[in-house]
Amino acid sequence: MSHTRGARVAADGNNGTSAGPQVDVVVVGAGFSGLYLLHRLRAEGFSVRVFEAASDVGGTWFWNRYPGARCDIPTTDYTFGFDPELEREWTWSEKYATQPEILRYLQFVTDRYDLRRDITFDARVEGAEWDDKTGLWAVRTSTGETVSCRYYVMATGCLSVPKAPDIEGAPRFAGEVYFTSRWPHEGVDLTGKRVAVVGTGSSGIQSIPLIAQQAAQLTVFQRTPNFSIPAHNSPAPADRLGRLAADRDAYRTAGKWSRGGVPMEATDILGGTASEDVRRERFEAAWEAGELFAILGVFADQGVDPASNEIVSEMIREKLRSIVDDPETAEALCPKDHYLGTKRPCLDSGYYATFNLPHVRLVDLRKSPITTITEAGIDTAGESYEFDAIVYATGFDAMTGALVGVDVAGRGGVTLKEKWADGPSTYLGLTTAGFPNFFALTGPGSPSVLSNMAVSIEQHVDWVTDSLVDLRATGMTRIEPTLLAEDGWNQHVADCAAITLHPTANSWYMGANVPGKPRVFYPYIGGVDNYRAACDEVRARDYLGFRLSGPGGEQCHDGVVRRLQPDVAMVLSAMAQMELPPLESMSPPEARAFMEMSAGMRPPGPDVGEVVDGVLPGPAGELEYRLFRPASPGPHPVVLYFHGGGWVLGDQVSDEPLCRDLCVRTDAVVVSVNYRHAPEARCPAAAEDAWAALQWVGAHAIELGGIPDDLVLAGWSAGANLVAVVTQRARDEGGPVVRGQLLLTPATDSSMDTGSFEENADGYVLTAPLMRWFWDHYCDPGQRTEPTAAPLRGRLDGLPPAIVVTAEFDPLRDEGIAYAEALRAAGVPVEHLAARGHTHTSLTMVGVVLSGARVREEIALRLGALLREPVEV
Ligand code: N01
């Protein structure tokens, strides 16, 4: 395609239809994202038209002109980084620029790249329809124009549609009414007036100190107190400027590959284990820095661990109490109903101190809700107030409001609003099935509002532009995600959110601020870095999860780009970085020493009531055990547990965090018994020991604080293999009574030729070579097919109910599934839990792989049912 500078005619209008599009791309919105997209597409030779509802560029920064409006990401970072020349030509005056300065910047960018000539202002896009026959979009605007285009991009922003005022009586008020998000361009003079501000999110908190400077009386109506820290606005911070000046490219690259889009030193300090001095020091540094990501990153675990979060939250409350003179007002301002960060914290300039002014008053709507707005003011349950002006700082229909607000109809006339009635569904937050050639920049399912928007916008624009260039180069004219890819992405977005505290809050991130809006977590919280890697991978794998077609042919590499649980992926990547030697390259004693050292670094697992060490008699000497007793009064059911480690590694304490977790979740005594290991004691020594342990524990239940005959066997990996073996033997030899068996990612067969063995041969901790090493140490080839080594080959009828847990990325997955199916076929009640996105080891990583907790909870529920179910003995 040739470069058609300034032309409004698409260069590629040939997809086998008689009429081509009027332009290649229609873009909605001329804010940060629309402007950069126009620049990039034009430079690549695409014809583009941008429609903008406002009378000028700026998007968010055109509309939000309320006093005090500033960015909350330092302008060293909240700025375009795509062109070093542009960066040389523009100098920000402050750490956090004001709205007028940001608007001037966007106007400067517009003029510098001569963007205006392709933007139609005062034109709102009202509808867009896909024609599947022609492969074109028809885009309708409020000016009556309809434009056909090949690609339709909504660059409409995440916080651009104000939430409708949902307060009874609002239209009745006879005084002046203002919305922070639609502030009059000529400004507002509130001097000498009685003013109400409703809402204490970022907009309220930024504007209240300035409104207080003018108003004769200011009354702030607060429903939810929000966390706010001082912005400490000043000239741009010297450290960031210094890093930028020293190596601009390195600084920008660090931002692109950071979690939030701003270069930051990530900490591995945990709130719970840090000393009081360290806690205080880290908090004070973040408070002084006055940066969002600093206060959100005081501890590595504050976004996932309530106790760690509370440490930072309480330190903020302490600061607040020290600023606000009136203790009752201070207490009302203290956020207590949500975890720090689960609603966006604010950066303020004198917000809390404003409440010390004699003419400023806080009304706590939790105590005294608004009953109605009257002609003269606001009535609460306790009092009537009269005002000259009401300012609504009540927020936005975030992330999806602007997208579903336009009548976008995809294939078959289905609208985006219809498709997303139960919540947004996207692939990469950019595209959605049924809507070919449609892109939503910074859409739901992308990091967007959780990140530095400037960085996220550039990444999205680059991805879309590069994709359109790729399509053109290969003669493709259509791109659409598959349902498989989209469902997989939605699942990944939800998995990422589920391990955080975010879903607990009534936030706009959750759609909770708009009545009737679906409650899901809208943005992607897996990090700008991980997100960028996923997008890059999709392209590198030749558009994985997309269907492409055009004169160049058709292609579809269907698949899911992120299948591992996000925290499992993090652990695997951290392990890969350590370049650890493979266990099978070591001797068994070396491997044992290595495992013991690693175990010393993990979290210990939850507290239990009591831990008791003991020994029991085995066929070749004493067997050590460790018993974990619940804190609740006994007696308790008993879980006899056998550890994993391929019959070569481990002992009665090697799975301690898992045993503690089982103890707490099931409220049962867990007895973890050691057994002899190979190669010193080969098969069937371990199974003989496990059998002896079962008999002894069965006979000594009362002594151990257990309920007689209320016993299940549990084991992980090789330990689960032993459980299966001794359960079969207990059936054959008439006891002891076993109520059930928990087989966690069990080794059930020695064939090592299953699909999962090949698929997951490498990269997921338990590798195929390691499994072979275990079998070779444990058992002679001739013996491996005996049921004492391979329980899958044993007789399975008449066994107690089983809970079989398999992990998706485990070489042993298929033999676990085979065992569950064979048990079921033999008439044994079986609950099979398939742990999606987990590995052989990840479910045991208590306190490290947080997503494993959900699976262990499921296990505990089922185990609890087995233990407490009355059975005929
Ligand atoms: O909106 P919000 P915002 N009666 O939704 C209250 C970005 N931003 O415009 O929490 C009484 O946060 C509502 O109460 P509650 C930033 O990402 C950035 O302030 O629902 N009160 C809440 O207190 C931010 O997060 C900057 O209980 C009602 C407030 O109104 C996002 O935009 C500046 C109510 C709304 O807070 C949105 O911020 C500004 C009712 N009926 C915005 N309805 C920067 O600093 C709502 N509220 C860059």
Side-chain angles (χ1 to χ4, degrees), residues 32 59-61 63-75 77-78 95-99 101-102 157-170 178-183 196-208 210 219-231 233 260 290-292 333 335-338 341-349 351 362-366 368-373 378 380 390-399 401 442 448-454 456 505-515 517 522-523:
F32 260 96
T60 286
W61 301 105
W63 296 108
N64 288 268
R65 297 174 186 235
Y66 59 85
R70 290 174 186 273
C71 54
D72 59 4
I73 299 287
T75 40
D77 304 272
Y78 190 75
K95 176 181 172 187
Y96 296 112
T98 58
Q99 173 272 332
E101 187 174 9
I102 301 173
C158 297
L159 294 154
S160 47
V161 175
K163 194 183 87 149
D166 50 359
I167 305 177
E168 218 284 304
Y178 302 103
F179 287 84
T180 49
S181 53
R182 292 290 180 270
W183 203 256
V197 174
V198 183
T200 51
S202 302
S203 304
I205 284 179
Q206 282 187 333
S207 58
I208 283 164
L210 285 137
T219 310
V220 176
F221 290 86
Q222 170 194 274
R223 190 163 64 186
T224 309
N226 218 335
F227 288 98
S228 188
I229 65 163
N233 202 27
E291 290 190 16
L292 208 51
L333 286 165
K336 289 177 191 146
D337 79 333
H338 64 278
T342 56
K343 290 181 112 166
R344 191 181 180 92
C346 310
L347 294 186
D348 71 88
S349 301
Y351 174 64
L362 181 74
V363 176
D364 182 351
L365 298 180
R366 296 271 180 228
S368 187
I370 295 179
T371 49
T372 186
I373 295 193
I378 297 179
T380 67
I390 298 180
V391 175
Y392 291 103
T394 41
F396 300 88
D397 183 353
M399 302 218 60
T442 65
S448 60
V449 291
L450 297 175
S451 68
N452 172 6
M453 271 293 196
S456 286
N506 286 324
S507 64
W508 59 257
Y509 295 139
M510 292 289 298
N513 66 328
V514 176
K517 193 167 171 170
Y522 285 71

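All residue numbers in this chain count up from 1 along the given sequence. Whatever order the structure lists them in is the order used to number ligands and atoms, beginning at 1.
No side-chain donor from either of S349 and N233 sits under 3.5 Å from a side-chain acceptor of the other. Side-chain contact check for S451 and S456: at least one donor-acceptor pair (N or O, by modelled atom type) lies under 3.5 Å.
Here the OG1 atom belonging to T224 is positioned 4.0 Å from the NZ atom belonging to K343, to the nearest 0.5 angstrom. If you take CG on D397 and CH2 on W508, they are separated by 11.5 Å, rounding to the nearest 0.5 Å. We find the CG-CZ distance between N506 and R223 to be 9.0 Å, quoted to the nearest 0.5 Å. Between F227 atom CZ and L347 atom CG the span is 14.0 Å, to the nearest 0.5 Å. Of the inter-residue distances, the one linking C71 atom SG with L292 atom CG reads 11.0 Å to the nearest 0.5 angstrom. Atom OH in Y392 sits 3.0 Å away from atom CD1 in I373 (nearest 0.5 Å).
Interface of F396 with ligand 1, defined as ligand atoms under 4.0 Å from a residue heavy atom, comprises 9 (O), 37 (C). Short contacts between ligand 1 and L365, defined as distances under 4.0 Å to a heavy atom of the residue, involve ligand atoms 11 (C). Counting atoms of ligand 1 from 1 in the listed order, those under 4.0 Å from a heavy atom of V198 are 11 (C), 21 (N). Less than 4.0 angstrom separates some heavy atom of Y66 from each of these atoms of ligand 1: 33 (C), 39 (C). Using a 4.0 Å cut-off to heavy atoms of T200, the atoms of ligand 1 that qualify are 22 (C), 23 (O), 29 (C). In the vicinity of K343, heavy-atom distances shorter than 4.0 Å reach the ligand 1 atoms 10 (O), 15 (P). Close contacts of ligand 1 with Q206, meaning ligand atoms under 4.0 Å from a residue heavy atom, involve 33 (C), 44 (C), 45 (O). Using a 4.0 Å cut-off to heavy atoms of C71, the atoms of ligand 1 that qualify are 48 (C).
In this structure, atom 48 (C) of ligand 1 lies nearest to the protein heavy atom R70 O, 3.1 Å. For atom 16 (C) of ligand 1, the closest non-hydrogen atom on the protein side is R344 CD, 3.4 Å. Protein heavy atom at the shortest distance from atom 27 (O) of ligand 1 is T224 OG1, 2.4 Å. In this structure, atom 46 (C) of ligand 1 lies nearest to the protein heavy atom K163 NZ, 3.3 Å. Nearest to atom 8 (N) of ligand 1 among the protein's heavy atoms is S202 CB, 3.8 Å. Atom 32 (O) of ligand 1 has its closest protein heavy atom at L159 CD1, 3.3 Å. For atom 36 (O) of ligand 1, the closest non-hydrogen atom of the protein is G201 CA, 3.5 Å. Of the protein's non-hydrogen atoms, R223 NH1, 3.4 Å is the one closest to atom 40 (C) of ligand 1.
Contact between W508 and ligand 1 is present, with at least one heavy atom of the residue lying under 4.0 Å from the ligand. The closest approach between F179 and ligand 1 stays at or above 4.0 Å for every heavy atom of the residue. The closest approach between any non-hydrogen atom of D166 and ligand 1 is below 4.0 Å. Ligand 1 does not have Q222 within reach: every non-hydrogen atom of the residue lies 4.0 Å or more from it.
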Please report the C-alpha distance between F32 and I102 in whole Å, then the side-chain angles of each, then the deciding distance to 0.1 Å, and finally whether the side chain to side chain contact (heavy atoms under 4.5 Å, CB included) criterion is met.
CA-CA 10 Å; F32 260 96; I102 301 173; 4.1 Å; yes
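Of the polar atoms of W61, none of the N or O atoms is found under 3.5 Å from an N or O of ligand 1, judged by distance alone.
Looking at I167 against ligand 1, only its side chain comes within 4.0 Å, counting heavy atoms.
Ring planes of W183 and Y178: tilted class, angle from 30 to 60°.
The closest heavy-atom contact to atom 35 (C) of ligand 1, among the options S507, G199, A393, S160, comes from A393.
Within the 4.5 Å cutoff, side-chain heavy atoms of Y351 are placed close to those of T200. Considering only heavy atoms from C-beta on, Y522 comes within 4.5 Å of K517 through its side chain.
Across T442 and M453, no two heavy atoms sit closer than the pair CG2-SD, 4.1 Å.
At least one donor-acceptor pair closer than 3.5 Å links the side chain of N513 to the backbone N or O of F396.
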